[in-house]
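If you read the sequence from its start, that first residue is 1, and numbering goes on from there.
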Amino acid sequence: MTHNTVAGIVLAGGRSRRMGQDKAALEYEGVTMLTRITEAIGERCAPVLVAAPEASQAYRELSAESDLQWVTDEKDGSGPLGGLVAALRAAAAAGADVAFVCATDMPLVKADLVDELLAGLTPSTDAVIAHDAQRDHPMAGVYRTSAADALAGLVDAGELRMLAALDAISTRRVGVSDPNWLTNVDAPEDLHRLRVGA
C-alpha cells in the first residue's frame, strides 16, 4: 500500500463537556493538540482531514489559522460516527482508499501507530482498530473509505455510537506495541497528568 492512498482523519467535532473547553485548541508541549496530532499523522497520511461541524468550537477557533482541510458537512447531531462518514467520503473523493482515523484528544499518537494498523489490513477487512487490555479503540483505526455507505446507514437509523460501527463492517482488532499512543484526554486532570509526566 502506497503512502498516497492513505488519508488521515481527525474527529474534532465533540462538545468537550468534561474538559469544559474545546480539546482541539488545548495547548500541549507548545502547540494545540490538533496541530500536534495532524503533524504526527501527516508523516504517513495525505491528505489530513479534520471533521467538525461549522458550529463547533474547534472549527470556529482553529479553521482560520491553519491550512488543514476541514470537513464540515456531517449530518447534524450525528456525533463522531457522522463525522467519520463525512470524512471517509471526502477522503475517497481525494483518491484515498484507506484512512487512518483518530480523535482530537490523543496527543501521544505517533505515525508508527498508522504503520502498525495498516499492517493488519487484509483484502477482506473494512477496518483495523487498536485494542488494549481494557477495550476497543474505534477512534484509533484504519478504515476503508468504501465503508462509508454502510456506516451512513447506521447514522440514518439514528445510531451514534462508534462501537456500533465495528459490528456493521468487517473489523479486525489488533494490539499495538505502545499503548500510550491510545491515551486520550477527556478531563482537565487527564491533561495535567500528561503535562507532569505522571
Side-chain angles (χ1 to χ4, degrees), residues 6-29 31-45 47-53 56-59 61-63 66 68-72 74 77-88 90-91 98-114 116-117 127-132 134-143 147 151 155 159-166 171 173-174 176 178-191 193-194:
V6 183
I9 293 172
V10 181
L11 300 175
R15 296 183 183 174
S16 305
R17 289 185 187 95
R18 288 179 58 198
M19 183 62 72
Q21 59 182 303
D22 180 58
K23 291 185 278 190
L26 285 174
E27 184 177 305
Y28 182 70
E29 296 190 342
V31 297
T32 65
M33 284 212 285
L34 182 62
T35 296
R36 182 179 174 87
I37 292 166
T38 55
E39 287 180 350
I41 68 174
E43 294 176 22
R44 298 291 188 277
C45 304
V48 175
L49 308 170
V50 182
S56 69
Q57 191 175 353
Y59 183 81
E61 292 186 7
L62 299 174
S63 62
S66 76
L68 296 170
Q69 296 183 48
W70 291 75
V71 178
T72 60
E74 65 191 69
S78 60
L81 191 52
L84 175 60
V85 169
L88 286 175
V98 175
F100 170 75
V101 177
C102 68
T104 192
D105 61 357
M106 297 172 61
L108 303 184
V109 71
K110 295 278 192 288
D112 292 342
L113 174 60
V114 182
E116 291 189 14
L117 293 172
V128 177
I129 63 154
H131 179 84
D132 62 23
Q134 283 77 42
R135 62 188 181 97
D136 290 337
H137 292 268
M139 287 195 279
V142 293
Y143 292 77
L151 299 178
V155 173
E159 180 60 73
L160 303 180
R161 297 172 302 120
M162 285 290 292
L163 286 172
L166 307 183
T171 302
R173 294 151 173 86
V174 299
V176 295
D178 187 350
N180 287 325
W181 296 333
L182 308 176
T183 300
N184 63 347
V185 177
D186 284 327
E189 55 269 26
D190 299 331
L191 186 59
R193 278 194 294 271
L194 275 187

Between [X] and [Y], what is the shortest heavy-atom contact and its length?
X: Ala130; Y: Val176; answer: CB-CG1, 4.1 Å
X: Leu81; Y: Ala165; answer: CD1-CB, 3.8 Å
X: Ala140; Y: Leu117; answer: O-CD1, 3.6 Å
X: Leu11; Y: Leu84; answer: CD2-N, 3.7 Å
X: Ala51; Y: Ala87; answer: CB-CB, 4.1 Å
X: Asp105; Y: Ile37; answer: N-CD1, 4.2 Å

(message) Using 0.5 Å steps for rounding, measure from the CE atom of Met139 to the CG atom of Leu163.
(response)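 It is 8.5 Å, given to the nearest 0.5 Å.
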(request) Output the distance between atom CH2 (Trp70) and atom CG (Leu49), rounded to the nearest 0.5 Å. (result) 11.5 Å
Could you tell me which residues satisfy salt bridge (charged side-chain N to carboxylate O under 4.0 Å, His left out) with [X], sequence neighbours excluded, listed by chain and number?
X: Glu159; answer: Arg161
X: Asp112; answer: Arg44
X: Asp178; answer: none

(request) Verify, without hydrogens or angle tests, whether Asp132 (side chain) and Gln134 (backbone) share a donor-acceptor contact under 3.5 angstrom. (result) yes
(request) Check the pair Leu113 / Leu182 against side chain to side chain contact (heavy atoms under 4.5 Å, CB included), numbers first and verdict last. (result) CA-CA 9 Å; Leu113 174 60; Leu182 308 176; 4.3 Å; yes
Are side-chain heavy atoms of [X] and [Y] found at a separation under 4.5 Å?
X: His137; Y: Ile129; value: no
X: Leu62; Y: Thr35; value: no
X: Arg173; Y: Leu166; value: yes

(message) If the test is side chain to side chain contact (heavy atoms under 4.5 Å, CB included), which one of Val101, Thr171, Val98 qualifies with Tyr143?
(response) Val101
(message) Does Ile9 form a side chain to side chain contact (heavy atoms under 4.5 Å, CB included) with Cys102? I'd like the steps, not just the answer.
(response) CA-CA 6 Å; Ile9 293 172; Cys102 68; over 6 Å; no
(message) As a quick check of understanding, evaluate side chain to side chain contact (heavy atoms under 4.5 Å, CB included) for Leu68 and Leu34, giving each step before the final call.
(response) CA-CA 10 Å; Leu68 296 170; Leu34 182 62; 4.0 Å; yes
